Amino acid sequence: MAIEIESWVKVAAFVGAGLSMGLGAIGAAIGEGFAAAKANAAISRNPGISGDIFKLMLVGQAVAETAAIFSLVIGIILLFSNYSTASIISMAALLGAGLCMGFGAIGSGVGSGYPAGEACKGVARQPEMRGRLTTNMLIGSAVSQTPAIFSMVVAFMLMFLNFSGAPLHPTSAALLGAGLATGLASIGSGLGSGLAAGASCEGSARQPLNVGNITVIMLVGQAVSQTPSIFGLLISFVLMFKTYPSSELLGASMALLSAGLCTGFGGIGPGVGNGMTAQSAVTWVARNVRQESVLMRSMLVGQAVSQSTAIYAMVISLALIFLI
Amino acid sequence: METLKQTRNRYCSAAMTAAIVIGLGLIIVDMRPMGKGLILGTLFSVFNFILMAQALPLRMAHTKGKTLFYSLFSIFFRFSLMAVPLIIALKVENFALIGVLIGLVAIQIMILADHVLSLFISTRTGQV
């Protein structure tokens with residue numbers, strides 16, 4: 001029985017919606033769970049301020065949930081939109097949008113949970129620091145959400161830009177690759193940024209006098225941790241906006257899909273690695289602020305080396321896009 | 001010291017007031033769908049936050065099985081609720097999707113803005 005292309009487009013939209021919300025729920029659930037687990041420990045340590053800890057947990061969980069809300073938005077749009085142009089390109093674009101948002105929300109969801117959990121623990125240790133801990137938690141969580149925002153932007157572009165004039169092959173593969181590049185690369189960046197933010201909350205509670213220095217090194221560390229997701233965004237843009245000559249060769253399509261996969265997977269490790277470096281630097285600045293400049297330098301050198309693998313992945317992706 | 005209820009009320013009223021002021025401004029400058037979408041999205045964001053805050057202590061006062069049930073039901077219900085304005089925006093032309101999207105994260109924006117502003121003020125007055 002032949003199925004019309006309109007039906008296949010609907011199928012792609014439904015699968016994309018499922019992937020967006022299903023994958024997107026993973027990160028937020030883990031992050032919120034982590035925050036609640038740490039809140040339990042904090043209440044047990046200092047039951048007298050359980051109200052404050054509950055409040056912080058609520059605010060932290062509300063922020064950690066943002067990535068899941070983005071996934072819900074993309075999922076609902078995929079489910080309920082009417083698609084005027086029905087083609088295989090639309091199918092690839094819709095599937096790519098779902099994958100992009102689903103994968104992209106995982107890291108941010110988990111990452112936002114770290115500062116929320118550590119802030120709860122920190123309030124139990126230093127109740128008078130609750131205001132500043134909440135601010136650090138929120139700034140750290142907001143930066144952790146950035147990769148999910150990148151993924152949402154790419155997902156929107158895939159859903160709403162008109163690719164109907166482009167040749168079927170290899171554009172379909174390029175659009176699927178575009179979704180995978182940002183989505184996968186965002187996992188590491190979101191998680192890594194969260195590690196740095198968590199350490200800043202822990203450090204601020206341990207050494208309240210060093211909170212300014214801790215915030216600065218956290219933000220620098222998080223900024224570098226975001227780089228792999230920016231590489232992913234860059235490759236997605238190139239894949240979406242490059243003009244391709246029509247080609248029936250399977251190799252051409254696979255090269256573009258692989259370009260997306262390469263930067264996507266290649267960004268996960270460096271994002272997490274950069275976050276671990278930042279986490280350690282933030283922790284030790286809190287304990288020994290006099291060594292701040294040395295710790296900052298060593299963090300940046302370590303992150304640059306960790307970053308190199310993401311750069312190699314991006315170079316290979318660019319070679320796959322422009323040379324193959 | 002602020003209670004959980006006070007925190008909830010503070011952010012909800014701030015988000016709703018801001019959405020109504022900005023929404024009315026957008027309606028006046030002839031961006032009606034955007035303004036209406038923003039107010040609609042914020043309304044559901046406020047509902048979500050209220051339910052989240054209400055469910056927290058409720059979940060604590062029961063057995064393990066009931067707590068698990070309440071937690072799962074709360075998540076399912078809250079996300080289903082947030083899908084409503086998005087479906088409305090997709091089906092009814094009077095509500096702009098982008099406005100609804102911004103409105104849905106209005107509480108989170110308000111929480112962040114409140115603390116960044118406090119940090120800025122305390123930095124200016126030399127309290128940090």
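Remember, predicted model here, so these are calculated numbers, not experimental data.
Applying a 4.5 Å heavy-atom cutoff, the residues of residues 79-106 of chain B that approach chain A are F79(B), M82(B), A83(B), L86(B), I87(B), L90(B), K91(B), L97(B), L101(B), L104(B), V105(B). Scanning residues 199-206 of chain A against chain B with a 4.5 Å heavy-atom cutoff picks out nothing at all. Residues of residues 110-126 of chain A having a heavy atom under 4.5 Å from any heavy atom of chain B: none. When the heavy atoms of residues 19-33 of chain B are compared with those of chain A, none of the residues falls under 4.5 Å.
Both the backbone and the side chain of A68(A) come within less than 4.5 Å of a heavy atom of chain B. For I77(A), the parts lying near chain B are the backbone and the side chain together; criterion is any non-hydrogen pair under 4.5 Å. At a 4.5 Å heavy-atom cutoff, D114(B) makes no contact with chain A through either its backbone or its side chain.
For chain B, the option among I76(A), V63(A), V59(A) with the highest count of heavy-atom pairs below 4.5 Å is I76(A). For the set M21(A), M152(A), E65(A), Q145(A), the entry with the most heavy-atom pairs within less than 4.5 Å of chain B is E65(A).
We find the CD1-CD distance between I69(A) and Q108(B) to be 4.5 Å, quoted to the nearest 0.5 Å. Atom CD of Q54(B) is separated from atom CG of L58(A) by 10.5 Å, given to the nearest 0.5 angstrom.
Around atom CZ of F160(A), more than 12 heavy atoms belonging to other residues, nucleotides or ligands sit under 6.0 Å away.
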